[in-house]
Student: 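Take this structure first; my questions come after.
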Amino acid sequence: MGQPRLQNPIKTIEEEPEDMGTSYSNKAALACMINSEIGAVLAVMRRNVRWGSRYVAGDDQLEHSLIQSLKTLRKQIFIWQPQWQNINPVLYLQPFLDVIRSDETGAPITGVALSSVYHILTLDVLDLNTVNIEDAMHLVVDSVTSCRFEVTDPASEEVVLMKVLRVLLASMNSKVSVVISNQHVCTIVNTCFRIVHQANVKSELLQRMARFTMHELVRCIFSHLSDINKTQKSIIKGSSALQSEIAVLGTDGINNKIENLSSNSESIRLVSGALASTITTDMMEEGVVQTDGKDAVSYDLHLMTEPYGIPCMVEIFNFLCSLLNVVEYPGLGPRGNTIAFDEDVPLFALGLINSAIELGGAAICNHPRLLGLVQDELFRNLMQFGLSMSPLILSMVCSIVLNLYHQMRSELKLQLEAFFSCVILRLAQSRFGASYQQQEVAMEALVDFCRQKTFMVEVYANLDCDITCSNIFEELANLLSKSAFPVNSPLCTMHILALDGLIAVIQGMAERISNGAFDPDPRPVKLAEYTPFWKVQCENYNDPNYWVSFIRRRKYIKRRLMIGADHFNRDPKKGLEFLQGTHLLPEKLDPQSVACFFRFTAGLDKNLVGDFLGNHDDFCVQVLNEFAGTFDFQDMNLDTALRLFLETFRLPGESQKIQRVLEAFSERYYEQTPHIFANKDASLLLSYSIIMLNTDQHNVQVKKKMTEEDFIRNNRHINGGNDLPREFLSELYHSICKNEIRTTPEQGSGFAEMNPSRWIDLMHKSRKSTPYIVCDNRAYLDHDMFAIMSSPTIAAISVVFDHAENEDVYQTCIDGFLAIAKISACHHLEDVLDDLVVSLCKFTTLLNPSSIEEPVLAFGDDTKARMATVTVFTIANRYGDFIRTGWRNVLDCILRLHKLGLLPARVASDAADDSDMSPDPGHGKPLTNSLSSSHVQSISTPRKSSGLMGRFSQLLSLDADEPRSQPTEQQLAAHQRTLQTIQKCRIDSIFTESKFLLSDSLLQLARALIWAAGRPQKGNSSPEDEDTAVFCLELLIAITLNNRDRIELLWQGVYEHIVNIVQSTVMPCALIEKAVFGLLRICQRLLPYKENIADELLRSLQLVLKLDARVADAYCEQITQEVSRLVKANSTHIRSQMGWRTITSLLSITARHPEASEAGFDALVFLMSEGAHLSPSNYVLFIDAARQFAESRVGQAERSVRSVDLMSGSLNCLAQWSQDAKNSILETEAVKVSQDIGEMWLRLVQGLRKVCLDQREEVRNHALQSLRTCLSGVDEILLPNGLWLQCFDMVIFTMLDDLIEIAQGQSQKDYRNMEGTLVLALKLLVKVFLQLLPELSQLTTFCKLWLGILSRMEKYMKAKVRGKKCDNLQELVPELLKNTLLVMKAKGVLAQRSALGGDSLWELTWLHVNNIIPSLQPEVFPDQELESNRGETGRSSVIGDIE
């Protein structure tokens, strides 16, 4: 802070050189300059007859002493040249100063002398090393402030006054000003102020010069404050030096120095007297306390004569503050007080104070007396003038408070709270009676505060989170929100101001986010038990690690207390119980906690509090005493203390209750001020008397009022038998008469006015208040703050945006919306972000019913709608992680754009799937910026989706059949703006980048898509609804594919949606097409990556099997192709039986579809060839699928043959698995493996058996050959012996029976050449039997098996094909039978054995053989004959046993 040098403001008055301020290093030039000044003064003096004539010859002195001293100086100056610095400045200043102080000189002479002194002061001749510089500077000040001259005309008088100001300012601006004493600085300021006052009746130039000089003096003086040593003693005994100066100078017209102003001498005396009374102070060591002037004592002479510093600054600042006390000047009525009723002087004083604060800055806090003046005197006056009707004064007051906030807010916590509560919040709202100008100025001030980055945070931390303070942050936020609402009126300046304030607060929060150090989702505060909290202090108010959690806890307690207060107001008993339940009061109530609740909780019903405190119950009495103990009455007058006490509750009406209340008050007051009363009874009696006086004076029903003498007489001998001082009682009487004690205080509606008693209480509280928390630019508390103000802020900005018509206002609102979105996202406030999205979507006009003919052109012409649309999608792209229900509104906008054909071509494309991109070179490109005229005309035509995979249509649909007119330039421009807007939205990024969304947001996006698609209904739906459903399904499939790593999150909803579509669709359409193929695509893409849900994915394909027949038929070929691609790409990832069952089922149903069978069979061949993908879990499934292809008559027979080959070829897999099992498992598990393989083998031969019945000869015969191979080629397969019996019963015998039945019963047109088939079948029977004879003969049921074979041979022997016996069979059966018997004989299986009861096998065999070929036995067994003695009875019994 440097010292500003005065640039000569009145050079035009005197023709003086402009370079007088230059440095005179040449000593000769310096002497010449002084010589010229002497000559100038002498020349002006000689013009006057008085100075031009000589004295008579008899006189001792021929010339006047003034002229003689100047001439003497002229003789000496050239002699001093070599040692100029060693010359006492008094020697060359004194002659000029004598002229200035002489009352014989006129204004022109005095003016020239003043100019000479000014010129000398502005040279570098004077510095701190100059001899006797202190005395010289003091002499200059004394002489100039004692200037005397004769006035010849008003103009010359003003010139002298301006030069006086110039010299005084030059004295303070010079580098030797530091030697000027405190006393002389005060004298300079006092003189300048008097000239300021006198200038009110002078010219405008003098007025401006005087005020400018006063400002510069204050700035110059207080700019040194920061350089003063902090340890310098600033507490000085004594009173105002200014008062001493005025006392010395008197009140006779600026000390009678300006003698010509006799006409204004009365007003000058009044002003001087007023100043003398207002600046009379008693500077105590502990602070500044204003007195009536009777006890004032002078400053310590030593301190006042020291170089200026804190003492003069304190006096000057106190003097400036006293200028604001104009209404308190004693003896001045409205007419006599020229200052009190003129806004000019308060403005002038406020400007000086503001300059002092600006230059003094934070250094004021280092000096208790200056700080005390700011905290008490200054702020009390600011509170008073803050309610001024003058916008100029109010604006200056607000500027000073903003300055104070910047410089010393840590020392002004409660003062700032009072200013905002009693000034800003009252004036900014019309309901408190403020004029529009006041409202506007107050709102401007509030916005200025809001632009300070940490203001709102500190207000919240220091006030809203303090239990004993008001919720200023909430009030200010609500005020800004409400003031921004244009209620039934267009936008005005006030609305825009409030909007700027809101945006400033919000943007401050958004900027703090990047600074880190915040918890996005702070843990909720919980109170586990009651602990005394009213006076708890934080361990460290400077460390956020301590105070953040501390004040969050305090804020939680404060909120709960407000809820408790509401409960108390409804029912005091239940209210206290609620507080106990929330641990805000102890389980067992104690008087102190309840008293603190009554004392410090806002919003309590004061009637209920008064009734509780006045109750005679012992507990209530204890609470009353504790309640009184919470007050600090030290150094308070009795009436002030009583006012404060009774403001906190309503005094009960019953006399006993009143007495109890006043007893508690009196005891507390006497305890803290024992020097006033002899005992507490005296305090009680006088308090009661004051209450009665208050009722008497202010009750309209009392006609005869108590006089002062009555009051004094009523209070005689109450002070321990003695009288109280009459002056004391008189002061109390007049105080009560002028200012009523309200025994029925307001219930907290609105904002209370600041009265003297409340201010005194505030100053008492400020000494004990918690330290001020200074916040940095980190978002420690923004989560809690934003949660409070978010909803009204969104509403306010939305209303302004809705009513605004200016693009600048639009952009301001958009900036606010984006800041809100950023804060909501970073602090995880999803509900707020959803509300914001909902509000913004309304402004896009995309959700409005389309009642206009050309919605696209209208959209292009609507700047507000386009800006809102870009903002919505910007938020969706940037902060989509934290959008929840808002996705529905975003999708509504997207659907509207889709219907208008404005979406980019690949919004729903899967960005990760390059292989699926359309070969169309224009597909997927962004919208171009150039459109033909035909595009413009068709812009309102909704798009239609078509084609198998439902790709999007181009931007606009063309209809060449309709004639079109050329668009206007305005239409083209609107069109262009629309397209540019859509490009800025980057809508496709929402879905292509969905893989980066948080899980909760992604799930909500998917649900929103399902919701937007609507629930499919059976029957015909409108094309528009179907198009919407298809589009939403495309988007849903796109985000599903983009989020394969989180498919578990989305799968259930996606699957259920597709199920609903499948179940409700009975006819082919684009929706079912998209659903089915989307499902197949999801499975195809995700199977390689998500093995854990592979079964669920594959199971979902069963939906295809449930398609309506018409739907399935329409898409069967394409479905099969997709399944084929899926199988070929993911066969290694299908491992479960259920998965293969689904795949094989899908493939199987294609076997009978002409278009789909080929693709299905290709997939089957891929899977079964060489057994690459066969496994024990899917073996049977593939056998069944291959059988169905073999049985299918769709296509060529060759495919069925290939299918049979696939079945028979799978036998190698069984052999391999059997071999692997032998080598790798224990014997105990071998049986189980053998059984499993046997069952698979049995299913294989059963499948072949069914194909053996095929109508086509080549297929049938090939199946028999394959079956023969599978039955005979099982040497390497471990099969249980018992399985063969099942094989004969279920496969061979059944096949033989079915074939013979077909041959005998079916038309030859259906089954050709069945005879050959029967031959093959019979050969298969014999071959398998003979091959397995050794094993079969060991079975207990071998006889039954053998008889079954014989019976089939007999049947085939007798079979007739085409009505006649088959020659081939007639030849084949005997041969096969003979060979079989020979083999059985050779193996020893068939032989005659004598045994008890006979040989049943032998006898039964020949019994059946003889029925077939009677002569065969001798050929096979020539040495044996049939026993003739076997009777008919024995044969019957044997047959019965076998059966």
Side-chain angles (χ1 to χ4, degrees), residues 14 16-17 20 24-127 129-150 160 163-164 167 170-171 174 176 179 257:
E14 298 285 338
E16 299 163 351
M20 281 299 177
Y24 280 79
S25 58
N26 189 329
K27 304 302 180 182
L30 181 61
C32 292
M33 189 280 296
I34 295 179
N35 181 64
S36 67
E37 294 296 336
I38 294 172
V41 174
L42 289 174
V44 175
M45 293 179 70
R46 289 190 181 102
R47 292 179 183 175
N48 194 310
V49 176
R50 177 191 301 178
W51 304 103
S53 61
R54 298 176 179 274
Y55 283 89
V56 293
D59 292 341
D60 297 332
Q61 191 176 18
L62 296 180
E63 293 181 317
H64 195 279
S65 59
L66 296 178
I67 295 178
Q68 188 176 13
S69 61
L70 289 170
K71 290 183 176 181
T72 303
L73 176 61
R74 173 177 277 179
K75 296 177 183 178
Q76 294 175 334
I77 53 176
F78 291 100
I79 302 174
W80 295 339
Q81 288 182 30
Q83 64 275 12
W84 196 264
Q85 288 290 341
N86 297 326
I87 302 300
N88 188 346
V90 175
L91 295 177
Y92 51 83
L93 287 172
Q94 187 72 53
F96 297 103
L97 298 177
D98 289 343
V99 173
I100 293 172
R101 286 197 292 191
S102 174
D103 54 2
E104 299 179 13
T105 57
I109 300 173
T110 305
V112 173
L114 286 168
S115 295
S116 299
V117 173
Y118 172 76
H119 294 155
I120 295 173
L121 288 176
T122 55
L123 299 179
D124 284 342
V125 63
L126 300 178
D127 56 34
N129 297 322
T130 303
V131 176
N132 201 27
I133 188 61
E134 293 89 349
D135 293 342
M137 293 304 297
H138 292 162
L139 180 62
V140 170
V141 173
D142 290 337
S143 300
V144 174
T145 55
S146 303
C147 172
R148 297 168 180 267
F149 61 93
E150 293 180 354
V160 173
K163 291 190 176 184
V164 167
V167 172
S171 300
S174 68
V176 296
V179 303
K257 295 179 181 179

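Small disclaimer: the values here were computed from a predicted structure and weren't measured.
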Student: Pro95 and Leu70: which non-hydrogen atoms are nearest, and at how many Å?
Tutor: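 The answer is CB-CD2, 3.6 Å.
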
Student: For Ile67, which of Val41, Val99, Thr72, Leu42 qualifies under side-chain contact (heavy atoms from CB on, under 4.5 Å)?
Tutor: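 For Ile67, the side-chain contact (heavy atoms from CB on, under 4.5 Å) check succeeds only for Leu42.
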
Student: List for me each residue that meets side chain to side chain donor-acceptor pair (under 3.5 Å) alongside Thr110, sequence neighbours excluded, and say none if there are none.
Tutor: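 Residues passing side chain to side chain donor-acceptor pair (under 3.5 Å) with Thr110: Thr105.
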
Student: Rounded at 0.5 Å granularity, tell me how far CZ in Phe96 sits from CG in Asp98.
Tutor: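 Answer for the CZ-CG pair, Phe96 versus Asp98, is 11.0 Å.
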
Student: CG of Asn35 to CE of Met33: how many Å apart, nearest 0.5 Å?
Tutor: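 Separation between the atoms: 10.0 Å.
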
Student: Rounded to the nearest 0.5 Å, how far does OG of Ser174 lie from CD1 of Ile133?
Tutor: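 The distance works out to 7.5 Å.
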
Student: I need the Leu93 CG to Ile120 CD1 distance, nearest 0.5 Å.
Tutor: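 So the gap between those two atoms works out to 5.0 Å.
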
Student: Measuring from atom CG of Asp103 to atom OG of Ser146, what distance do you get when rounded to the nearest 0.5 angstrom?
Tutor: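 If I round to the nearest 0.5 Å, the distance is 12.0 Å.
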
Student: Ignoring hydrogens and geometry, is there a side-chain-to-backbone donor-acceptor pair from Thr145 to Asp142 under 3.5 Å?
Tutor: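 Flag set: sc Thr145 to bb Asp142 pair under 3.5 Å.
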
Student: What is the distance from atom CD1 of Ile109 to atom CG of Leu114, rounded to the nearest 0.5 Å?
Tutor: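 Reported value, rounded in 0.5 Å steps: 12.0 Å.
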
Student: Answer whether the closest heavy-atom distance between the side chains of Val144 and Lys163 falls below 4.5 Å.
Tutor: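 The answer is no; the side chains never approach within 4.5 Å.
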
Student: I'd like to know if the side chain of Thr122 and the backbone of His119 have a donor-acceptor N/O pair within less than 3.5 Å.
Tutor: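 At least one qualifying donor-acceptor pair exists.
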
Student: State, with a plain yes or no, whether a side-chain heavy atom of Ile87 is found less than 4.5 Å away from one of Gln76.
Tutor: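 Not touching, per the 4.5 Å side-chain cut-off.
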
